[in-house]
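Reckoned from all heavy atoms, side chains included, excluding hydrogens, waters and symmetry mates. This structure is a prediction, so every number in the text was calculated from the model and none was measured.
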Amino acid sequence: MEKKNLYTTHLLILLVLINLSPSLNVPAIFIFGDSVFDAGNNHFIKNCSVQADFPPYGSTFFHHPTGRFTDGRTVADFISQFIGIGLQQPYLEAQIAVMNGSSKEYPSNGLNFASAGSGVLQGTNKDWGVLPIQEQLRQFKTLIEQKAINRSVVERSLFFLESGSNDIFNYFLPLDTPKLDPDAYVEAMVKEVTNLTDQIYKVGARRIVVFSLGPVGCVPARALLPAAPIKRCYGKMNAMVKKYNKRLESLVNDIPTRHPGAIGVYGAVYDTVQHLRAAPTRYGFSNVSSACCGDGPLGGEVQCGKEGYKICQNPQGFLFWDYFHPTQHTYELISKALWEGKKSRIRPINVKTLTNLTLALA
């Protein structure tokens, strides 16, 4: 209770400084995470086997594959558009442009470091050639050290983090025998996220948004797990997700006391998705359990675009695009909830309010 009151006090102090003029308080977004955010980094990683750089990915909005694991835009894309800045380029693509001279500097609207298939634990899907959040952090810190990104930009930017789904899904793979019990495994995950928030604060991050995991136990890919039910979500997996999410929210609530001058925001994506699943027709969904694109039970056994896949006629009517990932329509609904939603969706303030804050920077 004391922590919550202390957090409220810190928040009120920051809100006194609020500036609701239309000036652009947030020039950029820096993004860390997995396939929920990956905008194409994996395409530029040699021998990386986790890819979405082929049709029909991207078909609804971009009309060509971009490396995003959906049919269109992601949450980061929508929020960039709400703010009025361009979509963030994958870091590895921007790096190539700077190194070969086709671009003189890194983009001024931020960078996307997310790598599909990665986790918060360094060993998660390491054999697939993905970049864990620790490596994503190293890439970002190197740019700061090289003065390729101005610290004054960093201090005014948004920082997005979403990762952990792959760690938890892998915990339930029949071939992987976890050495830790579920509670210890979650604690190991949270330790890595805590380190990431500590490190980005040290180099200037002041607006930090941590997204909860969605209900991973409901993804169509659960059809690949022998122990998982098909007709309902995988309860054991969702229970672990909720444990992790609860610890993430505690971490966010501690940010102002651990890091003076910073504000942490927790995006309750799990609750938002479950709300959509509970009232599908209200949000334009005809199917909230199967993948629009894939094959097998729930469309969860074959990746979209791979041999034997089938695709639905109306992706907008589906919650899931492929065996793991939401459709653009789902991402748009989540984005609106995060941007201007109430505390049941994002807390202690929404991203719009966070963007409009004028923080007292040291």
Side-chain angles (χ1 to χ4, degrees), residues 3 30-38 50 69 75 113-128 130-141 159-202 205 208-219 221-222 225 227-228 233-255 258-259 264-271 273-274 324-325:
K3 276 188 181 177
F30 294 96
I31 301 155
F32 304 86
D34 55 27
S35 53
V36 168
F37 280 150
D38 191 348
V50 186
F69 283 72
V75 168
F113 296 89
S115 173
S118 69
V120 296
L121 300 175
Q122 296 203 49
T124 296
N125 298 334
K126 191 177 181 182
D127 295 344
W128 296 357
V130 302
L131 300 177
I133 60 163
Q134 294 82 1
E135 181 57 31
Q136 296 171 35
L137 174 65
R138 279 191 285 275
Q139 291 171 338
F140 174 68
K141 287 175 73 176
F159 282 77
F160 285 178
L161 169 67
E162 186 284 333
S163 189
S165 297
N166 294 308
D167 306 277
I168 290 178
F169 191 87
N170 285 9
Y171 188 87
F172 291 88
L173 290 175
L175 298 177
D176 284 14
T177 310
K179 292 175 183 173
L180 299 172
D181 65 65
D183 288 349
Y185 193 81
V186 165
E187 283 306 311
M189 291 171 65
V190 172
K191 184 179 177 184
E192 296 300 331
V193 180
T194 303
N195 181 60
L196 180 85
T197 57
D198 290 351
Q199 293 299 315
I200 60 174
Y201 175 79
K202 281 180 183 174
I208 302 167
V209 186
V210 178
F211 298 83
S212 87
L213 302 187
V216 185
C218 300
V219 298
R222 72 180 186 277
L225 303 174
C233 298
Y234 193 3
K236 281 186 179 179
M237 189 179 286
N238 277 347
M240 195 166 174
V241 169
K242 286 196 272 193
K243 261 180 198 169
Y244 175 65
N245 287 344
K246 191 174 181 181
R247 291 288 287 107
L248 280 186
E249 185 165 12
S250 295
L251 184 160
V252 169
N253 290 341
D254 285 344
I255 283 176
R258 284 172 69 91
H259 305 307
V265 171
Y266 173 78
V269 175
Y270 187 101
D271 297 335
V273 173
Q274 293 295 54
F324 273 104
H325 310 101

Hey, does [Y] have a side-chain heavy atom less than 4.5 Å from the side chain of [X]?
X: Asn170; Y: Asn125; value: yes
X: Val36; Y: Ser165; value: no
X: Met189; Y: Ile168; value: yes
X: Tyr244; Y: Val216; value: no
X: Leu225; Y: Pro174; value: yes
X: Glu162; Y: Val210; value: no

[atom1]/[X] to [atom2]/[Y] distance, rounded to the nearest 0.5 angstrom?
X: Lys126; Y: Leu121; atom1: NZ; atom2: CG; answer: 12.0 Å
X: Leu161; Y: Leu248; atom1: CG; atom2: CG; answer: 7.5 Å
X: Gln134; Y: Asn195; atom1: CD; atom2: CG; answer: 7.5 Å
X: Ile208; Y: Thr197; atom1: CD1; atom2: OG1; answer: 6.0 Å

query: Pick one: which of Phe211, Phe140, Tyr201 meets ring pair (Phe, Tyr, Trp, His ring centres under 6.0 Å) with Phe159?
result: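 For Phe159, the ring pair (Phe, Tyr, Trp, His ring centres under 6.0 Å) check succeeds only for Phe140.
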
Go through the structure and list residues passing side chain to side chain donor-acceptor pair (under 3.5 Å) with [X], not counting sequence neighbours.
X: Lys141; result: Gln199
X: Asn238; result: none
X: Ser163; result: none
X: Asn166; result: none

Flag, side chain of [X] to backbone of [Y], donor-acceptor distance under 3.5 Å:
X: Tyr171; Y: Leu180; value: yes
X: Asp167; Y: Gly119; value: no
X: Ser212; Y: Tyr270; value: yes
X: Ser115; Y: Leu131; value: yes

Check ion pair Arg138-Glu135 (N to O, under 4.0 angstrom):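 Looking at Glu135 together with Arg138, the answer is yes, because their closest N to O distance falls below 4.0 Å.
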
message: Ignoring hydrogens and geometry beyond distance, is a side-chain donor-acceptor pair present between His259 and Asp254 at under 3.5 Å?
response: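 No.
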
message: Strictly by salt bridge (Lys or Arg N to Asp or Glu O under 4.0 Å), give each pair with a member in residues 183-194 just once, sequence neighbours left out.
response: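 For residues 183-194, and leaving out neighbouring residues, the salt bridge (Lys or Arg N to Asp or Glu O under 4.0 Å) pairs sorted by first residue read Asp183-Lys243, Glu187-Arg247.
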
query: What residues, two or more places apart in sequence or in another chain, satisfy side chain to side chain contact (heavy atoms under 4.5 Å, CB included) together with Ala239?
result: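 Listed in chain order: nothing, the list is empty.
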
Please identify each residue that fulfils ring-ring contact (aromatic ring centres under 6.0 Å, His included) with [X], with sequence neighbours left out.
X: Tyr266; value: none
X: Phe169; value: Phe324
X: Tyr234; value: Phe172

field: Aromatic plane relationship, His325 with Phe69 - under 30° parallel, 30 to 60° tilted, over 60° perpendicular
entry: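 The arrangement is tilted - the two ring planes meet at 30° to 60°.
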
message: Would you call the rings of Phe113 and Phe32 parallel, tilted or perpendicular, taking 30° and 60° as the class edges?
response: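 Parallel: the ring planes of Phe113 and Phe32 meet at under 30°.
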
Option from Asn245, Val241, Val273, Val269 for which side-chain contact (heavy atoms from CB on, under 4.5 Å) with Pro215 holds: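 Exactly one option meets the side-chain contact (heavy atoms from CB on, under 4.5 Å) with Pro215, and it is Val273.
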
field: Heavy-atom pair of closest approach, residues Ser118 and Pro132
entry: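 Minimum heavy-atom separation between Ser118 and Pro132: CB-CA, 3.9 Å.
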
